[in-house]
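The block underneath contains the structure these notes are about, expressed in structure tokens.
Read the numbers this way: they start at 1 and go in the same order the structure lists the ligands and their atoms. Residues: numbered from 1 along the sequence shown. Values below: all heavy atoms of this structure, side chains included; hydrogens, waters and symmetry mates excluded.
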Amino acid sequence: MPTPPFEGKGKRPADEIPEPGRYATARGFCLTSAFWMIVAASAGLLGATELIAPDLPGSLAWLSFGRIRPVHINLVLFGFVTPGLLGAAFYYVPRLLRTELFSERLGRLTVLAWNGALVAIVVSLCMGYTQGREYAEPVWPIDVLVVGAFGLIFFNLALTVKNREEPLLYVSIWYVLAAVILTAVTYALGNVIWRPDSGALSGIPDAILLWFYGHNVFGLLLTPLSAGVAYYVIPRACRAPLYSHTLSLLGFWSLLVIYTHIGTHHLLQVPVPTWLKVIAVTDSVAMVIPVMAFLINIWYTARGRLGEIHADIGAKFVFTGTVMYFFVSIQGSMMSLPQVQRVTHFNNWVVGHAHVGVLGFAGMIAIGGLYAVLPKISGRPLFSRFLADLQYWLILIGVTGFTVVLTVAGLIQGNAWLNGETVYRVLGEIHMYYIVRAGLGLMVFSAALIGMYNMARTLFPRKGGAP
Ligand code: HEM
Ligand code: HEM
């Protein structure tokens with residue numbers, strides 16, 4: 001039986017002006033996301049400029065590429081995308097359960113702890129304190145803070161579920177709870193939290209554990225949080241029931257079963273046991289099951305209702321994110337094949353894939369989720385639809401452009417390396433692509449500024465302005 005979201009059937013009407021303090025957690029995470037997107041994009045832009053002009057930072061070590069790159073990556077993941085998706089979740093979980101959030105006070109504390117961790121990440125990485133492992137760079141005290149923050153979020157949401165009035169748990173709730181608890185565990189494992197001095201094991205087992213965690217950041221954090229938002233926003237915007245409850249369950253369980261096995265596809269060129277590589281490659285191809293179960297469900301729900309999607313700015317971002325998910329997943333399954341990876345590994349092709357995934361898919365859905373809940377948590381219409389549309393096009397052109405230039409640059413590098421060319425001699429050939437990438441990055445950075453302005457004007461209208 002298809003399950004509709006329960007918007008509007010709650011104890012409270014959906015569009016009332018919320019009393020002070022209500023949705024404070026959702027608001028906090030929304031603002032966190034919009035603010036850190038600006039900082040994250042500026043770090044990306046600085047990194048891109050340094051790839052064009054490597055002498056730019058001069059003797060300022062804290063601005064060097066090796067420090068700015070992890071700042072960019074940690075901030076896009078934990079500053080922009082995750083809080084954006086959580087901001088939407090802190091609105092829709094209580095709404096779908098027809099109850100209040102267990103504790104807004106605890107939620108506010110979590111937002112504070114989260115932002116404290118982000119500041120600590122920037123300062124420590126810029127100062128050169130790092131565990132030196134990709135996606136697990138932050139040092140031990142920050143790891144503890146991050147795991148604690150995920151724990152608090154899970155506690156708050158789980159008790160909201162316990163207090164619920166709605167007996168049926170809509171699929172978005174499954175996704176958000178699973179994402180938060182699984183990430184608390186895999187983050188602690190991947191950061192080897194029981195070894196505060198190094199945050200690492202040694203040798204090959206460390207690489208395997210790191211990439212078990214590394215790909216889980218995308219597969220067990222960003223993907224389920226994004227799916228949760230899409231399952232909420234799309235049926236609501238289309239005013240239609242979800243196409244299939246069964247497909248949503250198939251998508252959920254197959255994601256959990258399959259995604260956990262594929263991290264070793266990052267290590268195909270490394271002497272890890274062959275059986276592990278075989279599992280990683282096979283399951284990377286099998287990812288088509290959860291991906292298509294989710295996409296068919298969303299797209300069939302929206303079938304014949306693209307007008308409604310176009311009219312709703314939140315749904316427009318989210319729907320575009322689902323299209324990007326299709327492309328990034330097909331590309332990902334291809335990149336897992338050893339024959340393909342011989343050309344694409346270690347070069348800009350992978351950076352292109354990363355931007356389609358984290359910005360095009362999860363980032364787009366995060367922004368869509370924010371726009372979907374913003375009028376509800378502020379009790380006011382969005383400040384400017386025009387600015388939101390402008391932001392949409394800047395990001396769409398930016399991320400599509402990134403994909404094209406980085407894919408071409410990656411193919412040039414990969415083919416040259418296969419033919420025995422040295423790394424540095426190919427750099428001249430891809431210089432022009434780096435310049436175009438930085439130009440496109442400027443568009444994404446501008447989009448971040450526009451998004452922050454639009455959100456701030458919606459949440460904090462000028463005195464005497466429209467209600
Ligand atoms: C079917 C789904 C997917 C598969 C099979 C897949 C596969 C892969 C593979 C094989 C690599 C490593 C490439 C290499 O190092 O040569 C990779 C890298 C990456 N993927 Fe995916 N991917 C998928 C979906 C996604 C999604 C949805 C996201 C984002 C939410 C994502 C984000 C990334 C990122 C950021 C990297 C770069 C990691 C690094 O720094 O080396 N992927 N992916
Ligand atoms: C705000 C949205 C953005 C997201 C979600 C995002 C995401 C990512 C991710 C996941 C990576 C890791 C790639 C890998 O290891 O394979 C990365 C690297 C990078 N990004 Fe972004 N990015 C964003 C914006 C930007 C912008 C605006 C620029 C400016 C051009 C930029 C430039 C870079 C650069 C230079 C790298 C390092 C690439 C390398 O090591 O060669 N990013 N980004």
Given the side-chain rings of His345 and His266, with only the six-membered ring counted for Trp, is the space between their centroids under 6.0 Å?
no

Ring centres of Tyr259 and Phe218 under 6.0 Å apart? no

Judged by heavy atoms only, the candidate from Ile38, Leu51, Leu442 nearest atom 41 (O) of ligand 2 is Leu51

What I want to find out is whether Arg67 reaches Glu137 closely enough, with some N-O distance under 4.0 Å, to be called a salt bridge.
no

Note: Leu359, heavy atoms under 4.0 Å from ligand 2, region reported as both

closest protein heavy atom to atom 3 (C) of ligand 1 is Gly332 CA, 4.0 Å

Among non-hydrogen protein atoms, atom 1 (C) of ligand 1 lies closest to Met287 CB, 3.4 Å

**Study point:** Audit row: Arg236, Asp312, salt bridge (charged side-chain N to carboxylate O under 4.0 Å, His left out) steps and yes/no
**Key:** CA-CA 10 Å; Arg236 197 171 137 263; Asp312 181 318; 5.2 Å; no

The closest protein heavy-atom partner of atom 39 (C) of ligand 2 is Arg69 NE, 3.6 Å

min-distance protein heavy atom vs atom 8 (C) of ligand 1 -> His265 NE2, 3.4 Å

Exercise for the section: Report yes if some heavy atom in the side chain of Leu396 is under 4.5 Å from a heavy atom in the side chain of Met364; otherwise report no. Expected result: yes

The protein heavy atom nearest to atom 40 (O) of ligand 1 is Glu134 OE2, 2.6 Å

Taking atom 21 (Fe) of ligand 2 as the apex, NE2 on His355 and NE2 on His72 give an angle, to 10°, of 170°

Take Glu50 and Tyr434, measure what side-chain hydrogen bond (donor to acceptor under 3.5 Å, both in side chains) needs, and give me the verdict at the end. CA-CA 10 Å; Glu50 289 177 0; Tyr434 274 167; over 6 Å; no

Among non-hydrogen protein atoms, atom 32 (C) of ligand 2 lies closest to Gly44 O, 3.4 Å

Check if Val350 has a non-hydrogen atom at a distance under 4.0 Å from any atom of ligand 1.
yes

Review point. Within less than 4.0 angstrom of ligand 1, does His215 place any heavy atom?
Key: yes

Closest to atom 13 (C) of ligand 1 among protein heavy atoms sits Met335 CE, 3.5 Å

Checklist entry - Has Tyr135 got any heavy atom lying under 4.0 angstrom from an atom of ligand 2? => result yes

If we number the atoms of ligand 1 from 1 as shown, the ones under 4.0 Å from a heavy atom of Ala354 are 34 (C), 35 (C)

shortest atom 10 (C) of ligand 2-to-protein heavy-atom contact is with Val358 CG2, 3.7 Å

One finds that the ligand 1 atoms under 4.0 Å from a non-hydrogen atom of Gly357 are 28 (C), 29 (C), 30 (C)

Closest to atom 27 (C) of ligand 2 among protein heavy atoms sits Gly441 O, 3.4 Å

Among non-hydrogen protein atoms, atom 38 (C) of ligand 2 lies closest to Val351 CG1, 3.8 Å

Item to complete: Mark yes or no for whether Thr264, through its side chain, and Leu276, through its backbone, hold a donor-acceptor pair below 3.5 Å.
Response: no

Side-chain contact, heavy-atom cut-off 4.5 Å: Leu359 with Val356? no

The atom name of the N, O or S atom in His353 nearest to atom 21 (Fe) of ligand 1 is NE2

Note: ligand 2 atoms sitting under 4.0 Å from heavy atoms of Arg437 are 30 (C), 34 (C), 35 (C)

At under 4.0 Å between heavy atoms, what of Phe65 touches ligand 2? The answer is side chain

Problem - Heavy-atom check, side chain of Tyr135 versus side chain of Asn216, under 4.5 Å - result: no

Any side-chain to backbone donor/acceptor pair from Thr301 onto Pro235? Under 3.5 Å, distance only. no

Worksheet item: In terms of ring plane angle, is the pair Phe29 and Phe90 parallel, tilted or perpendicular, where the classes change at 30° and 60°?
Response: parallel

Contact region, Ile73 to ligand 2, non-hydrogen atoms below 4.0 Å, reads side chain

For atom 4 (C) of ligand 2, the closest protein heavy atom turns out to be Val76 CG1, 3.3 Å

**Request:** Specify whether Trp174 and Phe252 have parallel, tilted or perpendicular ring planes, treating 30° as the upper limit for parallel and 60° as the lower limit for perpendicular.
**Result:** perpendicular

Among Tyr259, Tyr325, Trp211, closest by heavy atom to atom 26 (C) of ligand 1 is Tyr259

Closest heavy-atom approach to atom 28 (C) of ligand 1 among Phe218, Phe346, Phe361 is made by Phe218

Checking heavy-atom distances from atom 15 (O) of ligand 1 to each of His266, Arg342, His345, the winner is His345

Item to complete: Check for a donor-acceptor pair, side chain of Lys316 on one end and backbone N or O of Tyr392 on the other, with a separation under 3.5 Å.
Response: no

Assign the ring pair Trp114 / Phe150 to parallel, tilted or perpendicular, where the plane angle (0 to 90°) is split at 30° and 60°.
perpendicular

I'd like to check Ile279 versus Thr282 (side-chain heavy atoms, cut-off strictly below 4.5 Å). Are they in contact?
no

- Mind telling me whether Phe383 and Tyr453 have parallel, tilted or perpendicular rings, with 30° and 60° as the class edges? perpendicular

Near Ser284 (heavy-atom distance under 4.0 Å), the atoms of ligand 1 are 5 (C)

Closest to atom 35 (C) of ligand 2 by heavy-atom distance, out of Ala40, Ala48, Gly360, Ala41, is Ala48

